[in-house]
Student: 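Please see the structure below; I have some questions.
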Number of protein chains: 2
Amino acid sequence: MSEEPYFRPVRPTRAYEAVVEQVEETLARGALRPGDRLPSERDLMSQFSVSRSTVRQALRVLESAGLIRSRPGDPRGAEVLPYSTKNLRKPLERLAGRDGISLSELIQFRMILEGSANRLAARLRTDEQVAAIEAALERMREAIDEGYAAFGAADVTFHDVVAQAGGNSLIQVCGEVVRGAVLALIEDKLQRAPDSVALMRQSVAHHAEVVEAVRHADLIRADRLARCDLYEYYASYVTEESKPMLQALLEE
Amino acid sequence: MSEEPYFRPVRPTRAYEAVVEQVEETLARGALRPGDRLPSERDLMSQFSVSRSTVRQALRVLESAGLIRSRPGDPRGAEVLPYSTKNLRKPLERLAGRDGISLSELIQFRMILEGSANRLAARLRTDEQVAAIEAALERMREAIDEGYAAFGAADVTFHDVVAQAGGNSLIQVCGEVVRGAVLALIEDKLQRAPDSVALMRQSVAHHAEVVEAVRHADLIRADRLARCDLYEYYASYVTEESKPMLQALLEE
DNA sequence: TTTAATTTGTTCGTATGTATG
DNA sequence: TCATACATACGAACAAATTAA
């Protein structure tokens, strides 16, 4: 049997951390709502009994987390911001960039997210959203002649519109970020592809199939199409050993 | 046709932001690897030609992002940290807590993540991992008598072990966070449930089915079980209007 | 429109506790 | 053990920016 420990480890808390925690807790319990203002730095000094430098370090941390925004000269103090999914992007991008995570994991996650987004879009889309998705597909067709950069941008827009039709902002933001991370890792290879025009045409054909599935509310097909297309598109960029990881998402 | 703009909007860059950007860029391109040391604050002062306070604001931002760690008195300077999935947790938790996101979206996302985790685990698990999953299930059985808190902890461990067997750290960390967010939103209701013991027994029965599916490498069933169980478990907590969102994930 | 007051951004100097060799 | 260099924190000061009278 293990001894029941009397004490837990402590780590010295720095002054600015205590300030951050108090402000965060106030925000979390809703005492400060978006649009509200924090006291001025000098007021915070006296309320927390710390120096201005300490207050400023805390404010910078809160600002980098997307919780507040402070502007020079504003007598009303720092503004409490509405918390949005945008604040997830930077951490996810860093994770993908620092090879803390493998390309095959990213592709796998993207297959899951995009398949689910397609499925939800097929079930929940409005007629206006179908029209927007079709317009995005048409834009991709046009962009083939404008080069790979324009085509990539149109492709991103297409998936954004589909994800938005799905109605889940978590899927949407995670999908956006993972898509960007994957593209950043292999876009140089794609640009040097021997016949990029053929690749783009094939991509448009695949996306057209998705549009059809969404239009006919065919959930299963919309989901499956995303997984298969992505696997086909990216399989050549992953090692042989990691292909089974991706294939596990294709079995029925 | 829209005018082609000559200029893009500019926002004044603050000194500490420029310092953060330079350090981040150095980290991103791999010139500084985990374990390496940043110059001391005084060296950074002279290299960036800014004051000590400005350097410190930048360091606090980098530290809060999980990129570095600085300790008082360390003559080697701040340490560059390995970037891990842990740095995603806080932003995701904030997002879930600030009702920037609805309960039904969270549950929906959890259905997707846990279904996929189960599917991957069923395909890729080793025998040791099967044993670990079974042990986690046994722990859940024991914990029924120890109250809801212990049972919840055992439940969390179970899903962690399964997700780990799936082998995708993105799914794992997102799953952990979303699970925590969902539980935080409704755990008070669960505790006040009239017959929580019956609920826990039912939960164990459901998890046992998952174990069987994983053991027999039944991908489809493992995936589907997660989605159905979660829907059944949480359906009563979402509004009638948002139920179709979740049901879209159950159709075959 | 101008002016005055307040606030933030930044700098500098100083004192204190801490880790390394 | 001691000396050195370090990070933490405080406080005062000035410039630039914003708001409101």
Student: Is there a donor-acceptor contact under 3.5 Å linking the side chains of B/Ser70 and B/Glu79?
Tutor: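 No.
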
Student: Using only heavy-atom distances, determine whether the side chains of B/Tyr16 and B/Arg56 contain a donor-acceptor pair under 3.5 Å.
Tutor: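 No, no side-chain donor-acceptor pair sits under 3.5 Å.
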
Student: Within this structure, what is the CZ-to-P distance between A/Arg56 and D/dC10, rounded to whole angstrom?
Tutor: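 Rounded to whole Å, this separation is 15 Å.
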
Student: How many Å lie between OH on B/Tyr16 and P on C/dG9, as a whole number?
Tutor: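 Checked: the OH to P distance equals 8 Å.
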
Student: Within the structure, does a side-chain N or O atom of B/Ser70 lie under 4.0 Å from either OP1 or OP2 of D/dT8?
Tutor: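 Checking D/dT8 against B/Ser70, a side-chain N or O does come within under 4.0 Å of OP1 or OP2.
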
Student: Within a radius of less than 6.0 Å around CD of A/Gln164, do more than 12 heavy atoms belonging to other residues, nucleotides or ligands occur?
Tutor: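 Count not over threshold, so no.
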
Student: In a check of side-chain hydrogen bond (donor to acceptor under 3.5 Å, both in side chains) between B/Glu176 and each of B/Arg89, B/Lys86, B/His159, which one passes?
Tutor: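 So the option named by the test is B/Arg89.
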
Student: Checking A/Phe158 now: which residues fulfil ring pair (Phe, Tyr, Trp, His ring centres under 6.0 Å) with it, not counting sequence neighbours?
Tutor: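 Expected list: A/His207.
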
Student: Mind checking A/Ser40 for me? I need base, sugar-phosphate or nothing, with any heavy atom below 4.0 Å counting as a touch.
Tutor: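 Contact class for A/Ser40: sugar-phosphate only.
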
Student: Could you give the CZ-to-C1' distance, from B/Arg14 to D/dA17, as a whole number of Å?
Tutor: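 From B/Arg14 CZ to D/dA17 C1': 12 Å.
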
Student: Mind checking if B/Thr54 touches a base, just sugar-phosphate, or nothing, with heavy atoms under 4.0 Å?
Tutor: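 Sugar-phosphate only.
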
Student: In whole angstrom, what separates A/Met45's CE from D/dA13's P?
Tutor: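 Answer to the nearest Å: 13 Å.
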
Student: Rounded to the nearest angstrom, tell me the gap between atom CZ in A/Phe48 and atom P in D/dA9.
Tutor: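 My rounded result for the distance is 14 Å.
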
Student: Can you check the B/Glu63 CD to D/dT8 C1' distance for me, whole Å?
Tutor: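 In whole Å, D/dT8 C1' and B/Glu63 CD are 12 Å from each other.
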
Student: Counting primed atoms plus P, OP1 and OP2 as sugar-phosphate and everything else as base, spell out the protein contacts along nucleotides 14-21 of chain C at 4.0 Å heavy-atom distance: B, S or - for each nucleotide, 5' to 3'.
Tutor: ----BBS-

Student: Round to the nearest Å and state the distance from B/Glu41 atom CD to D/dA5 atom C1'.
Tutor: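 In whole Å, D/dA5 C1' and B/Glu41 CD are 12 Å from each other.
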
Student: How far apart are the closest heavy atoms of B/Gly30 and B/Arg33, and which atoms are they?
Tutor: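 Closest pair (atom of B/Gly30, atom of B/Arg33, distance): O-CD, 3.4 Å.
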
Student: For A/Leu44 and D/dC10, give me the distance from atom CG to atom C1', rounded to whole Å.
Tutor: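 The answer, rounded to whole Å, is 16 Å.
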
Student: Need one value for A/Arg37: base, sugar-phosphate or nothing, where a base atom within 4.0 Å counts as base even if backbone is also close, heavy atoms only.
Tutor: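 Answer is nothing: A/Arg37 stays at 4.0 Å or more from every strand.
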
Student: If you compare all heavy atoms of B/Gln129 against all heavy atoms of B/Leu124, which two are closest, and at what distance to 0.1 Å?
Tutor: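 Looking at all heavy atoms of both residues, the shortest contact is OE1-O, 4.2 Å.
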
